[in-house]
Amino acid sequence: MAASLTRGSEMYERAPTENEYYSSIRDIFRVIWKRLWVIVLVAALFTGAAAGIGYLQKPVYDASAQLLVGQKQIKDPKGSVLSPSDVQGLQQLTQTMTVAVDSKPIAEQVIKNLHLRMSPQQLLDNLKAEQVQSTQFIQLDYRGTNPERARDIVNAFADVSAKRITDSTAGGSLIVASVWERATTPVAPSSPRPLRNGALALGLGVMFGLGLVFLLEHADDSWRSVDDIERASGVPSFGVIPQFAVSGNKKGT
């Protein structure tokens, strides 16, 4: 920290000396040590709140399945082999099929097959369908509070989607889709994550506690050193009376 000095009517700053530099570091640690209990208390409150919120939340499970989109004929009607551009076209077609998977007709068929008491939109709100980048795979993820039901729903989506895609034609080509990987029952919830949330809350609590400690120190206007007294009074000190203990036999004399 640079110190401000005056020379006549001019003010200038000089670089801190080595002793002043180490004194500043000691002051920082002194402030932290003085109100360490504030940091510990705030961190404990943040961690406790995160743990409490996580305890009150219902566990949520993610079940996943994969579809593979392909083409029955690898040669065009003239008998020539598909070119790399055809493969790229199939990947683009997979992107279109991904939109079809995440649609109301598919959801309605899933509800009918599983006899669910849900609206198609409620079902689609918990479904995530996306193309695996630069491939012909479609990743299906369903999120729910019941692991067995989440598994059954995402598998039903995969079965119904594969049949619908295979039954359809696009650009005169026969597109086929198959379930590449079926979902299994998730064994652990995907959320809440108490360890991760607790670690984040602990770090946030420590940072907030540090900020609060330095704010309290800044608001504390009590005198802590001879320099503080000289700055407040504008009068130089000529001596300091050190602290001393009074012996027991001199008390009351």
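The first residue in the sequence is number 1, and the count goes up from there.
- Once rounded to the nearest 0.5 Å, the distance linking CH2 of Trp33 with CD1 of Ile39 reads 11.0 Å.
- Nearest heavy-atom pair, Val101 versus Leu67, reported as atom, atom and distance to 0.1 Å: CG2-CD1, 4.1 Å.
- For the atom pair Ser178 OG and Gln66 CD, the distance stands at 11.0 Å (nearest 0.5 Å).
- Shown here are the side-chain contact (heavy atoms from CB on, under 4.5 Å) partners of Asn113, two or more places apart in sequence or in another chain: Gln109, Val160.
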Under 3.5 Å, which donor-acceptor pairs link side chains of residues 150-159 to any protein atom two or more places apart or in another chain?
{"from": "Arg151", "atom 1": "NH1", "to": "Thr185", "atom 2": "OG1", "distance (Å)": "2.7"}
{"from": "Asn155", "atom 1": "OD1", "to": "Ala183", "atom 2": "N", "distance (Å)": "2.7"}
{"from": "Asn155", "atom 1": "ND2", "to": "Arg151", "atom 2": "O", "distance (Å)": "3.3"}
{"from": "Asn155", "atom 1": "ND2", "to": "Ala183", "atom 2": "O", "distance (Å)": "3.3"}
{"from": "Asp159", "atom 1": "OD1", "to": "Arg182", "atom 2": "NH1", "distance (Å)": "2.9"}
{"from": "Asp159", "atom 1": "OD2", "to": "Arg182", "atom 2": "NH2", "distance (Å)": "3.1"}

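- In terms of heavy atoms, Ala162 sits closest to Val179 at CB-CG2, 4.4 Å.
- Looking at every heavy atom in both residues, Leu202 comes nearest to Ala43 through CD1-CB, 3.9 Å.
- By the 4.5 Å heavy-atom criterion applied to side chains, Glu217 and Arg30 are counted as neighbours.
- For the atom pair Gln139 CD and Gln133 CD, the distance stands at 13.5 Å (nearest 0.5 Å).
- In this structure, Ile53 is not a member of the same hydrophobic cluster as Leu45, with clusters built from ILVMFWY side-chain heavy atoms closer than 4.5 Å.
- Closest non-hydrogen pair, Asn197 versus Pro192, comes out as ND2-CB, 4.3 Å.
- The shortest side-chain heavy-atom distance between Thr98 and Asp102 does not fall under the 4.5 Å cut-off.
- Atom CD1 in Ile138 sits 10.0 Å away from atom CD in Gln136 (nearest 0.5 Å).
- Hydrophobic side-chain contacts under 4.5 Å tie Phe137 into a cluster, directly or through other members, with Leu68, Val132, Trp180.
- Minimum interatomic distance between Pro186 and Tyr61 (heavy atoms only, all atoms of both residues): CG-CB, 3.7 Å.
- Between Ala129 and Leu140, the shortest heavy-atom distance links the atoms CB-CD2, 3.5 Å.
- No more than 12 heavy atoms of other residues, nucleotides or ligands lie within 6.0 Å of CZ in Arg149, so this atom counts as exposed by the packing criterion.
- The CE atom of Met97 sits 10.0 Å away from atom OG1 of Thr166, with the distance rounded to the nearest 0.5 Å.
- When the side-chain contact (heavy atoms from CB on, under 4.5 Å) test is applied to Leu204, the partners found at least two apart in sequence or on another chain are Phe46, Met207.
- With a 4.5 Å cut-off on side-chain heavy atoms, Leu124 and Leu127 count as touching.
- Linking Ile, Leu, Val, Met, Phe, Trp and Tyr whenever their side-chain heavy atoms come within less than 4.5 Å leaves Ile106 and Val99 in two separate clusters.
- With a 4.5 Å cut-off between side-chain heavy atoms of Ile, Leu, Val, Met, Phe, Trp and Tyr, the cluster of Val187 takes in none.
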Result block: side-chain N/O donor-acceptor pairs under 3.5 angstrom for residues 116-123, not counting sequence neighbours:
{"from": "Ser119", "atom 1": "OG", "to": "Gln122", "atom 2": "N", "distance (Å)": "3.1"}
{"from": "Ser119", "atom 1": "OG", "to": "Gln122", "atom 2": "OE1", "distance (Å)": "3.4"}
{"from": "Gln121", "atom 1": "NE2", "to": "Asp125", "atom 2": "OD1", "distance (Å)": "2.8"}
{"from": "Gln122", "atom 1": "OE1", "to": "Ser119", "atom 2": "N", "distance (Å)": "3.0"}

Test log, rule side-chain contact (heavy atoms from CB on, under 4.5 Å), inputs Asp141 and Asp62: CA-CA 6 Å; Asp141 298 307; Asp62 283 344; 5.7 Å; no

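- No continuous path of hydrophobic side-chain contacts links Val60 to Tyr55 [ILVMFWY only; heavy atoms under 4.5 Å].
- No more than 12 heavy atoms of other residues, nucleotides or ligands shown are found within 6.0 angstrom of CD on Gln95.
- Neither Leu200 nor Leu195 shares a network with the other; the hydrophobic side chains, linked directly or stepwise wherever heavy atoms of I, L, V, M, F, W or Y lie under 4.5 Å apart, form separate groups for each.
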